[in-house]
Structures are given as C-alpha cells and as structure tokens.
Amino acid sequence: MKNYLLLISLITFFSCQPDGFVREDGLDAFSVSSLETHLKKIASDEFQGRLPFSEGERITLAYLEETFRNIGLEPGNGNSYLQEVPMVEITATPAPSMTVQSGKRSFTLEGFKDYVIWTERTDEKIELKNDDLIFCGFGIVAPEYNWNDFAGADVKDKVIVVMVNDPGFGSDDNTLFKGNTMTYYGRWTYKFEEAARQGAKGVLIIHDDVPAGYGFWVVQNNWNAPRLYLDERGKNIYHCATVGWVTQSAARKLFEAAGMNWAETLTAARKPGFTAKPMNLKISTSLSVKARYDKSHNVIGKITGSKAPDEYIIYSTHWDHLGIGKPDAEGDSIYNGALDNASGTAGLLELAKAFKSMKAKPHRTLVFLAVTAEEQGLWGSEYYARNPVYPKEKTVANINMDGLNPYGKMKDIVVVGMGQSELEDYLQTEAEAMGRYLSPEPNPVAGYYFRSDHFCFARIGIPALYTNTGIDHIEKGKEYGKQLQDEYVAKYYHKPSDEYDPARWNLEGAVDDLKLLFNVGKRLAFEKTWPQWKEGSEFKAAR
Ligand SMILES: [Zn+2]
C-alpha cells in the first residue's frame, strides 16, 4: 500500500509540469564561448575594476545597457535601463594611532597594524576624546534566543568592544543560536547596526580569522579607502562616530590593561546571562572626513510576461567590484573581480538571452537586475529594496548570482543557507532532472546567506535563492573541489589576481549552473504558485 501511494505521488509529481513549461526550451542558447566573451570583456583592465562613481562604472553601464538592448530586453525602469542610486562617498582619514589611557599609564595602538576604524558620519571632523571602552560580549540583542548582551549596561556615548560571530560558533551546541552556522547576529554589519541602535559612540570588533571567515588583511584593505553609503540627507538616522576592528593581539593588550582575564572573560561572554564589563580605559583618536555626493546606478531590463505581466521573477547579480587599489606583489593594482562578479554579470546576460530565445513565451515577467555597490555593503540591492521598481508583494522570487563556477563540471550545486525557502525544492527538481544534486554550504560559519544581494530581497520578505559552486568535481571528487575553494579564498578573493585566465578557468560547470538556474526561473515563470519561506526561516514574518 505504501509503495503504491509513493508511486502515485511520484507520478503526480513528475507529470505536474506547469502549462507551457518545456524543460529543454531555451537551453540551446547557453554556450561556454558566449559566456566567456562577456566575462573576458567585463573582467578586462579596460573596465578598471568597476568601482561605483568611477570611469569604470561609466564603461560598465554602457556595456550592460548596450548588451541588454542587443538581447532585446525592455528597459526595466520606465523607459530607462537605469535606476539611480544616490550615495555618499565617505573618505575618512584616521589619525595614525590611538591613545589608550589606563589610570595614569597610557599606551598607543598603531592604526592599520593593530586596528582599523572608519566612520559612517559625514561630519568633517570625528573625534574620540577620552571615551570609555566597554566590553559587550557579542554585541547581540536576540529576543528569540533570549540573549541580550546590553542588558543592564549603559553604553550610550561609549565605545563598545565586541566579539565576532555569535555564541553558537565553536560551541558544539546546535541549539545555541544555530551552532556553527552563522546567524545574521554574527555579521559585522549587524554589530554596527546594533551599536547604533544602542546609542554607542563607537564599536570595535575583535578580529579572529576562523569565526570571521577571513583574515585581518581583508579588513585592512578597507583602510583609508573611500567607502560608499546611501545618501540619507534629510533623514534622521543615527550612526556611530567610529566603527571598526581591532586585531586579537591588540585586544589582548586592552584586556590586560583593563585587568581582565582574556580567556575567562571570553568564555563567560559565550554563556547566557553575561553582563557587559566596563574596561576603565579611555581612548582618543580622530578622523578627518570628506563626503562626496553622487549617484551610482542599478541596471534593469525585463521581458514582460504574456499572461501574468504584473508578477515578477527577479534575477540579480552585482556588477561592481573594488576598482583600482593597493598593488599586489606583482605590481598589479586593478581589482578585476573576474569571478567576483564579472562572472555573475556575464551569467545574467546569458540568462536574459536564453529567456528571449524561448519558443514558449513566459507567463510571468522576468526581470534582470545588475546592482551596484555590493562590495561596499549591498547598497544597490538595499536601495532597490527600499525603492522597489516592482512591488515586493508581486515579486514571486529572487534568484541571485555572485561568482560562477570556474572549475569545470560539478555533480552538485551548493545551496547557500539551505532550509530557507521552497525555491530550494524547485532547484532540487530541476537539478535531479539534469542528473545533479544539491549540497549544503561547505562553510556555513561564514554566513554567506547574509553576504550578497539576495539578502536585501530576503529582508523584505521576497523568497530568495542563492547558490554557489558545487564541490563534487565530476572527475576528481569532493576533496579536490574543497581544495579549489580554499585556494580561491587564499589566492584570489578580493585581490588583483582575481582575473580571467583561460588556462586556469573552465566554464563548462558555470554553463551547467546557469541552465539549472534558468530552468528554476522558467518553471516559476509558467506557474501560478507562490513559493514560500520555510518554517523557521527568519524571513518568513516579513512575507
Ligand atoms: Zn561578490
């Protein structure tokens, strides 16, 4: 009886194709050579690393607009392919050091080496002057986990010192937050936001390679570089005077001067009921600030649906990268961002072309959105989420790409933040149809679900799917696949060496992944259903 029911449900499942959906339709449009042509171009030195506000932006926008037009996409924002994103570029020049006063004794910490600070304020001069330091554990207020690091603490106008990640990390306890899987509370962006909500004057996160998911050099790369924020003039929004990071060894010095036992204090902070500890240290330093207001741009094209034109499926990817910066050992100063994210941008163009090539016309509207300023804080997608061109209630799904697979064919595809939404079930169905399977993130501690543009869609309730390169290499297996990803983080991530190199790259796997994401969007485009967030997702309430 059981088997019989299973058979019936399988038959129903497989025969239940939405009207008009043909799995093969449009797949022929994908090719390695076409993807490579776009990728090579967008990642070339000519595009200057695609920094928002720069000549690189102008060149990138021109290329995307022209290609959207050639593909036959309709303008996605009224009669324009562009959505203006008003932003402010803040260039903060910090004083070279910070003085720490401990009773009568004082010592200095060296900028760049010991700590990195910047500001989200636009005032010309920012000063910390004998401001109190207070250690606030993880700096987290999470009612659903019954956790409040600020309970009973007065942090107003003080500089808070907090740990990276969340209490679950390294606890071997999956009921403490999400165990080793990072929650949004573990992200530095959250810690800065919470510090501002608490009215702190500043925040310093203690850096640690493993729970942070990257080395201190990633933080240092932001030192003295202009940073972008949304233009919030006329809005009364509080930001901390200084935000930043301190190395672990400098933090140990602070703890020592405060007479606090490093290991004991950190261990106590991992347990519920910890209370913030004033450090009885006063710090002084300053920054001078230049603010420049300008507009960057999201690029939007669409294919209007034939039957449900006011229901939208949005493919997103960020076009920007880091521009021209500090030269590496080889003297290369152009951060080409070939993988991150010329590849996703090229992929978006391939997807658009494939949808245009279909024999059956999609019922729902397909939107192709290349956003700006992801690298600076997901600003292009955040601006879109605050000012959606298409109503969020009418947006069926977001499918985001950030970095395509450069390693050749993989048996699997990685779902980032597995368990979030029913879009994963669509992905599973289509992956199986292509003889592939889904894998969870190999490194859930890094919190990648909060680190690319789909997160801004998720925050406003739109179910968002974010996949990543699989690790089960078709010839060389999983160990090899993992090795490749570790190598990427060590050698190429956010470095001038992230370049397109035909000798190193094999785009066959990327084409497979694009076909898969295409079929997921295509299926949705012929359906009448609305995929939902799964039970337990932190984004369900927003829908
Ligand atoms: Zn990226």
Side-chain angles (χ1 to χ4, degrees), residues 35 38-39 42-43 47-52 54 56-57 60 64 85 182 187-189 212-214 217-219 221-222 225 227-228 296-299 314-323 325 334-349 351 368-385 398-407 413-417 441-443 446-458 464-469 484-485 487-500 505 510 513-514 517:
L35 178 66
H38 289 308
L39 202 168
I42 299 167
F47 281 58
Q48 302 176 24
R50 306 182 304 281
L51 187 72
S54 74
E57 164 159 5
T60 307
L64 292 178
V85 181
M182 191 194 267
R187 287 288 293 155
W188 58 271
T189 47
Y214 42 81
W217 63 267
V218 172
V219 179
N221 265 3
N222 292 324
R227 297 183 63 88
L228 296 179
S296 187
H297 302 82
N298 293 333
V299 189
I314 301 181
Y315 283 96
S316 62
T317 201
H318 71 91
W319 60 254
D320 68 297
H321 194 56
L322 303 171
I334 301 179
Y335 289 68
N336 302 79
L339 192 95
D340 186 11
N341 185 26
S343 66
T345 310
L348 188 78
L349 299 172
L351 284 165
F368 303 90
L369 172 64
V371 295
T372 182
E374 189 270 356
E375 303 287 9
Q376 313 267 349
L378 316 180
W379 295 123
S381 47
E382 176 65 19
Y383 185 81
Y384 181 92
N398 166 243
I399 300 172
N400 185 56
M401 294 172 294
D402 191 353
L404 299 187
N405 167 13
Y407 309 123
I413 186 164
V414 163
V415 179
V416 181
E441 288 167 88
N443 188 19
Y448 284 113
Y449 197 76
F450 317 112
R451 287 170 65 174
S452 191
D453 297 297
H454 58 283
F455 176 56
C456 298
F457 289 92
L465 179 68
Y466 179 42
T467 61
N468 217 327
T469 301
L484 289 169
Q485 296 207 346
E487 187 188 69
Y488 168 71
V489 173
K491 281 196 192 165
Y492 304 108
Y493 173 70
H494 283 195
K495 292 181 177 168
S497 53
D498 181 6
E499 290 181 331
Y500 181 67
W505 288 56
D513 290 352
L514 285 172
L517 296 181

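Whatever order the structure lists them in is the order used to number ligands and atoms, beginning at 1.
His318 and Asp340 are linked by a side-chain donor-acceptor pair at a separation below 3.5 angstrom, with hydrogens and angles left out of the test. Counting only N and O atoms by type, the side chains of Thr469 and Gln485 include no donor and acceptor under 3.5 Å apart. Asn298 and Thr372 are not linked by any side-chain donor-acceptor pair at a separation below 3.5 angstrom, with hydrogens and angles left out of the test.
Asp402 lies close to the Zn ion (ligand 1), since one of its N, O or S atoms is found at a distance under 2.8 Å. Checking Glu375 against the Zn ion (ligand 1), every N/O/S atom stays at or beyond the 2.8 Å cut-off. Among the atoms of His318, an N, O or S atom is found under 2.8 Å from the Zn ion (ligand 1).
Ring geometry for His494 against His321 counts as perpendicular: the plane angle is over 60°, on a 0 to 90° scale with 30° as the lower cut.
Looking only at N/O/S atoms, Asp340 comes nearest to the Zn ion (ligand 1) through OD1.
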